[in-house]
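Following: one structure in structure tokens, then a few remarks.
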Amino acid sequence: MKQRLQQLLMQSLEVLIDNNILENMPENIRIDHSKNKAQGDFASNIAMLLSKQAQCSSKVLAQKIKANFPDSVDVEKIEIVGPGFINFFMSQSSNALVVEDIIKQGGNYGLSNIGMGQRVLLEFVSANPTGPLHVGHGRGVVYGAAVAHLLRAVGFEVDCEYYVNDAGRQMDILAISVYLRYVETEQFPDNGYKGDYIFDIAKKIKGIKKLDIFTNTCKDISKCKIQKNSIDKERHIDDLIANCKFQLGSDYRKVFDFSINSILSGIKIDLADFGVEYHQWFSEQSLVDSGLSEKIVKKLQDLGYIYEKGGALWFRTTDFGDDLDRVVVRDNGIHTYFSYDIAYHFGKFERGYDRIINIWGADHHGYIARVKASIKALNYNPDKLEILLVQFVNLFRGGKKVSMSTRSGSFITLKELREEVGNDAARFFYILRKSTQQMDFNLDLAKSKSNENPVFYIQYAYARICSVLKQGKPFMADIDLLVLNNELESLLIKELNRYKDILQSSALNYEPHVLACYLRKLAGYFHSYYNNSEFLVDDDKLRNSRLLLITAVQQILSNGLNLLGISTPNSM
RNA sequence: GCGCCCAUAGCUCAGCUGGAUAGAGCAACGGCCUUCUAAGCCGUAGGUCACACGUUCAAAUCGUGUUGGGCGUACCA
């Protein structure tokens, strides 16, 4: 209906252009849903925008637009208000059409093909497999999954990917942490992974030892490698790693693999339990094994962007807008994380996606410039890569901020949260906030009073409708939507009319919270309606029409909640 | 120091990409269950949109500056 109105408005403007009142057609003719009923159903500010061009006051121009507006059965009244707003009052029958559309299209209502089947690669979470997912990661999980659903709803083809950082120093630190717990030494480095889950993995290895995984005995070796001669903590742990690799020989790899697999499978289960699906788990190590990382560095060398300094190879990212040049190969010959990242992103572009989206934690913003620089250097368009930053979650317990750290082992896992408050409440809590806003998460509140979560408010509206419909179904033959004319019915119908636009902007702007807020509002209007009006009345026409209206509301709640990954219980 | 993000009711957050009297929830106070689920509804109170300039018909929204917070600034990942 909005599009129809846009066309009519354009026709009116064309007449004004023909009469030399206006020079040319504006590129974008915006029509907004009005805020309140007094301002009609739709409003346009076009007169204010074009008044300069028309060399008359915006009010006068608005009058001219109105005068030349084509007749339409859909438009009941046009009002010029204030500085020149044009308010459109639609006929009741045209507004009510949405109810029939929703019923007809059901679960498909609101879907569109704006994306035209473009392929999107969406990478999100990609937390290092050094520990279980915690509530800090939860935001990225829920946000990413919702963005994927929304983009699909508007016609994109989306592949979800998790980049597994299974190479590099962190992994070695994880491996020796497990190993040191395995040998039960008291001397555990400060900067090792201290969490309880490390003990669990060590315990599991003990179970497997009976299966003769280890060919060497480990116990004695542990003693000689805990040397406190390194003053520097980081150096100390590097020494531990080197020592451990040397002493354990081929068994080192077994500890390493076992540790990472154990954690990774935990992460996979967490995500699956949370209803998040990935198409691919992309291994960082595979970039080493396939030689791609090596190849990319050579390529950059050939292109002349690499120089040597202090024994390391530097990539002149400053040529492409970065603040500093970056090391890609260290003086010890080992590639940096950044080097793998270049190869990884190069690979993403090679795979032929139309759009590449990364969802990163806000702490990674410093990497944007260098990753984009490398894309430019490799002759791809950096604008095709969109990096969405998700701001941090501040956790509070007992009124005090608690910092979460995988390394120190102090965190609350996502699994714990889900088990305490449930999937839906956890999801909705994250999704209701826009991702660019830092958010405070009160753990006590989240756990103890989960009823306060607005997700139940929406689900309750859905359940109430289910309950009513169980007692009476609308008969399509005997319906007249024009009887739905009390204030709350108009509000509901008006709100239903907004759904398509909400879904669209929510998807295209990567803002699932917009949809979440809309659903809350729609549920609110329904609850008011429920308390104010009776549905199962004797008058057949009225009853059937009201039942049809709430069926439409139920459908929209269901469609919206599905996109956000939230369940729709029939009763509560 | 430099860079990125943020600042809206006592608290937690929206504000539809510049619009017409700034909105919810929680907390406070007062009402509504012999009638379709009270996890609900109705009402009252609560604001100098951090501050100051600027851009224009119009600024919570855009620009600059100030203040206050978060994050980043590795041959770690």
Side-chain angles (χ1 to χ4, degrees), chain A residues 30 32-36 38-39 43 45 47-49 51-52 57-59 81-85 87 128 130 165 167-171 173 234 238 284 309-314 323-324 326-338 340-341 361-369 389 391-392 394 429 432-434 436-442 445 449-457 459-461 463-472 498 501-502 505-506 508-509 511 513-514 516-518 520-521 523-524 526-537 546-547 550 571-572:
Chain A
R30 236 181 74 195
D32 295 316
H33 294 268
S34 301
K35 265 185 194 164
N36 59 52
Q39 294 164 5
N45 60 355
M48 272 105 83
L49 297 176
S51 64
K52 241 181 208 164
S57 78
S58 48
K59 222 165 181 172
V81 188
F85 287 104
N87 289 339
N128 287 352
T130 53
N165 297 117
R169 186 165 170 266
Q170 306 288 350
M171 288 298 107
I173 296 174
E234 296 304 319
D238 282 337
E284 182 183 8
K309 193 176 92 184
L313 294 184
W314 295 70
D323 302 337
L324 295 165
R326 310 289 171 180
V327 170
V328 284
V329 183
R330 282 186 261 163
D331 57 5
N332 60 8
I334 295 173
H335 286 225
T336 59
Y337 169 81
F338 176 48
Y340 298 134
D341 232 12
D363 55 335
H364 282 68
H365 66 78
Y367 280 84
I368 297 175
L389 294 177
Q391 291 296 317
F392 270 38
N394 294 315
F429 189 88
L432 201 57
R433 275 80 174 176
K434 67 178 169 206
T436 53
Q437 178 80 295
Q438 295 169 26
M439 72 186 233
D440 290 342
F441 197 131
N442 186 330
L445 196 77
K449 294 181 178 175
S450 60
N451 268 2
E452 280 181 15
N453 192 303
V455 75
F456 299 111
Y457 183 77
Q459 288 179 320
Y460 186 50
R464 271 182 153 174
I465 297 172
C466 290
S467 172
V468 174
L469 292 175
K470 223 187 291 175
Q471 295 160 67
R498 290 180 67 213
D501 285 338
I502 291 287
S505 74
S506 185
L508 295 179
N509 297 317
E511 290 182 330
H513 78 277
V514 169
C517 290
Y518 166 82
R520 189 175 52 176
K521 195 169 174 195
F526 169 75
H527 283 307
S528 295
Y529 185 38
Y530 181 95
N531 278 276
N532 176 73
S533 315
E534 206 176 337
F535 307 137
L536 299 169
V537 290
R546 284 186 170 170
L547 289 176
I550 65 168
S571 67
M572 286 173 75

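So that the names make sense, note that chain A is the first sequence line, chain B the second, and so on, each numbered from 1.
- Residue A:Tyr518 has no polar side-chain atom (N or O) positioned under 4.0 Å from OP1 or OP2 of B:G23.
- With B:C26, B:G72, B:C42 as the choices, the nucleotide that has an atom nearest any side-chain atom of A:Glu452 turns out to be B:C26.
- Residue A:Gln437 places its side chain closer to B:A7 than to any other of B:A7, B:G40, B:C76.
- Residue contacts shown for A:Asp331 include a base, since a base heavy atom lies under 4.0 Å away.
- A:Met439 comes within contact range of the sugar-phosphate backbone alone, with a heavy-atom separation under 4.0 Å but no base atom that close.
- The nearest whole Å value for the distance from the CG atom in A:Asn509 to the C1' atom in B:G15 is 14 Å.
- Remark: B:C41 base-pairs with B:G31. Criterion, Watson-Crick or G-U wobble with two distances under 3.5 Å.
- Contacts of A:Gly311 with the nucleic acid, taken as non-hydrogen atoms under 4.0 Å apart, are absent.
- In this model, the phosphate group of B:A38 is approached by a side-chain N or O of A:Arg464 to a distance below 4.0 Å at OP1 or OP2.
- Across all strands, A:Lys52 comes closer than 4.0 Å only to sugar-phosphate atoms, never to a base (heavy-atom distances).
- Picking from B:C13, B:G19, B:C4 the nucleotide with the shortest atom distance to the side chain of A:Phe85 gives B:G19.
- Base pairing of B:C4: its partner is B:G70, meeting the Watson-Crick or G-U wobble criterion (both donor-acceptor distances under 3.5 Å).
- Judged by distance alone with a 3.5 Å cut-off, no donor-acceptor contact links the side chain of A:Asn453 to the base of B:A39.
- Counting only heavy atoms from C-beta on, A:His365 has its side chain closest to B:G3 among B:G40, B:A14, B:G3.
- The residue A:Ser533 sits close to a base: some heavy atom pair falls under 4.0 Å.
- Side-chain contact between A:Asn165 and A:Met171: absent, with no pair of heavy atoms (C-beta onward) separated by less than 4.5 Å.
- With rounding to whole Å, A:Leu432 atom CG is found 13 Å from B:G25 atom P.
- Below the 3.5 angstrom threshold, one finds no donor paired with an acceptor across the side chain of A:Asp323 and the base of B:G3.
- In this structure B:U8 sits in the anti conformation; its chi angle is more than 90° from 0.
- Using a 4.5 Å cut-off on side-chain heavy atoms (C-beta onward), A:Ile550 and A:Val468 make contact.
- With B:C16, B:C75, B:C4 as the candidates, the nucleotide lying closest to the side chain of A:Arg498 is B:C16.
- Across all strands, A:Pro454 comes closer than 4.0 Å to no nucleic acid atom at all (heavy-atom distances).
- Pair assignment for B:C36 gives none, since no Watson-Crick or G-U wobble pairing has each distance under 3.5 Å.
- The CG-C1' distance, from A:Asn531 to B:C41, rounds to 4 Å in whole Å.
- Under the Watson-Crick or G-U wobble criterion, with both distances below 3.5 Å, B:G47 is left unpaired in every strand shown.
- A:Asn87 and A:Gln39 form no side-chain donor-acceptor contact under 3.5 Å, judged by distance and modelled atom types alone.
- At a threshold of 4.0 angstrom between heavy atoms, the contacts of A:Arg546 with the nucleic acid are absent.
- Rounded to whole angstrom, the span from the CD atom of A:Gln438 across to the P atom of B:G72 amounts to 12 Å.
- Taking atom NZ of A:Lys309 as the reference point, atom C1' of B:A74 lies 13 Å away to the nearest angstrom.
- Taking every side-chain heavy atom of A:Leu49 into account, B:G19 is the closest of B:C75, B:U12, B:G19.
- Across all strands, A:Asp238 comes closer than 4.0 Å to no nucleic acid atom at all (heavy-atom distances).
- Relative orientation of the A:Tyr457 and A:His527 rings is tilted, given thresholds of 30° and 60° on the angle between their planes.
- Among B:A20, B:C71, B:U21, the nucleotide with an atom closest to any side-chain atom of A:Ala43 is B:A20.
- Here the side chains of A:Leu432 and A:His513 are not in contact, with every heavy-atom distance at 4.5 Å or above.
- Side-chain proximity of A:Leu324 to the nucleotides B:U73, B:A20, B:A39 is greatest for B:U73.
- Of the candidate nucleotides B:C71, B:A14, B:C76, B:A14 has the atom nearest to the side chain of A:Lys434.
- For the pair A:Asp363 and A:Leu389, the minimum side-chain heavy-atom distance is 4.5 Å or more.
- For the pair A:Phe456 CZ and B:G40 P, the interatomic distance rounds to 11 Å; values are reported in whole Å.
- Distances shorter than 4.0 Å separate some side-chain N or O of A:Arg330 from OP1 or OP2 on B:C76.
- When Watson-Crick and G-U wobble pairs are counted only if both distances are under 3.5 Å, B:U55 pairs with no nucleotide at all.
- Among the atoms of the strands shown, base atoms are found under 4.0 Å from some heavy atom of A:Ala463.
- When side chains are defined from C-beta on, A:Phe429 counts as touching A:Met439, because their heavy atoms get closer than 4.5 Å.
- Between A:His364 atom NE2 and B:G3 atom C1' there is a gap of 17 Å when expressed in whole angstrom units.
- Side-chain N/O atoms of A:Asp32 and base N/O atoms of B:U17 include no donor-acceptor pair closer than 3.5 Å.
- Taking only distance into account, the side chain of A:Gln170 meets the base of B:C76 through a donor-acceptor pair shorter than 3.5 Å.
- Summarising the geometry, the separation between CD on A:Gln459 and P on B:A38 is reported as 17 Å, rounded to the nearest angstrom.
- Residue ring and base: A:Tyr530 does not count as stacked with B:G40 (centre distance below 5.5 Å and interplanar angle below 30° not both satisfied).
- A:Arg464 forms no cation-pi arrangement with A:Phe526, by the criterion of a distance under 6.0 Å to the ring centre and an angle within 45° of the ring axis.
- Base pairing of B:A22: no nucleotide in any strand meets the Watson-Crick or G-U wobble criterion (both distances under 3.5 Å).
- Among the heavy atoms of the strands lying under 4.0 Å from A:Glu284 are primed sugar atoms or P, OP1, OP2 only; no base atom is included.
- Contact annotation for A:Ser58: no contact, since no heavy-atom pair falls under 4.0 Å across all strands.
- Between the C1' atoms of B:G23 and B:U61, the separation comes to 15 Å (whole Å).
- Comparing B:C41, B:C75, B:C16 by their closest approach to the side chain of A:Ser505 singles out B:C16.
- The shortest distance between the side-chain N/O atoms of A:Lys35 and the OP1/OP2 oxygens of B:G19 is not below 4.0 Å.
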